[in-house]
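Atom set for the values below is all heavy atoms of this structure, side chains included, hydrogens, waters and symmetry mates excluded.
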Amino acid sequence: MTVFPAVQLTGCFPEAHGFVLLDPARLDRHLGADSTGRDLLDLFSTTEAGDTIAREGIALPLTGLTAGYYTVLVRHAADHPPWPAPAPSSPGWILGSDTGSLLLCGIGYLRHWRPDHPEHRRVTVPPAGTKPKSEDTLKPREPTTVRTSSC
């Protein structure tokens, strides 16, 4: 198990009232094509595709957030949380990354998906065997935890 330093992302705005943390390479492999330009929000909210990518650990959605700026913390599950328990919670989610390159973005950006959009936040975690696990807010599969806190 590889512990990595926590990554704190400040000033994150939940476009369309939510965030999604995902591995863009795994998303493309799952969809069987380059996902750039597609309306993934419609695909994920009107078909089983959204449940499938969450269940397979390709993306972690966090929805129903109030508009405002948030701090998101991605950390190893073994690390002690630096904050009290966050308000938003999604127990049980699992996130995995083969590449170690993750993106955090507002859910609204899925409407016309561009993985290279400048508003996306990039997060690097150890690849492959370190599958982030969701507990508290979003705890990526074994080692990574994602927590949000409104400012």
**Asked** Among Leu40, Leu43, Leu41, which residue meets the side chain to side chain contact (heavy atoms under 4.5 Å, CB included) test with Trp113?
**Response** Leu40
**Message:** For a quick test of reading the model, state the closest non-hydrogen atom pair linking Pro14 to Cys12 and the distance between them.
**Reply:** CD-O, 3.9 Å
**Item:** For the student: nearest non-hydrogen atoms of Phe13 and Gly68, plus distance
**Value:** CD1-O, 3.2 Å
**Request:** Considering non-hydrogen atoms only, spot the tightest contact between Arg122 and Asp116 and give its length.
**Result:** NH2-CA, 3.4 Å
**Message:** With rounding to the nearest 0.5 angstrom, report the CG to NE2 distance, Leu22 to His30.
**Reply:** 12.5 Å
**Message:** Using only atom types and a distance under 3.5 Å, with no angle test, would you say the side chain of Asp23 pairs donor to acceptor with the backbone of Ile58?
**Reply:** no
**Prompt:** What heavy-atom pair brings Ala54 and Pro61 nearest, and what distance separates the two atoms?
**Reply:** CB-CD, 4.4 Å
**Asked** Roughly how far, to the nearest 0.5 Å, is CZ of Arg111 from CD of Glu15?
**Response** 8.5 Å
**Asked** CD/Glu48 to CZ/Arg55 distance, rounded to the nearest 0.5 angstrom?
**Response** 7.0 Å
**Prompt:** Rounded to the nearest 0.5 Å, how far apart are CG of Asp98 and CZ of Arg29?
**Reply:** 4.5 Å
**Request:** Verify the neighbour count for atom NE2 of His17: are there more than 12 heavy atoms of other residues, nucleotides or ligands below 6.0 Å?
**Result:** no
**Item:** Residue of the set Val7, Thr124, Val123 for which side chain to side chain contact (heavy atoms under 4.5 Å, CB included) holds with Leu102
**Value:** Val123
**Item:** Minimum-distance pair of heavy atoms, taken over all atoms of Pro115 and Leu103
**Value:** O-CD1, 3.4 Å
**Asked** Under 3.5 Å, side chain of Arg121 to main-chain N/O of Thr10, donor-acceptor pair present?
**Response** yes
**Complete:** Between the CZ atom in Arg114 and the OG1 atom in Thr36, the distance rounded to the nearest 0.5 Å is 9.0 Å
**Parallel, tilted or perpendicular, as decided by the 30° and 60° cut-offs, for the rings of His120 and Tyr109** = perpendicular
**Request:** Working to the nearest 0.5 Å, report the span between OG1 of Thr63 and CZ of Phe19.
**Result:** 12.0 Å
**Request:** Please name the pair of heavy atoms, one in Ile107 and one in Leu62, separated by the smallest distance, quoted to 0.1 Å.
**Result:** CD1-O, 4.1 Å
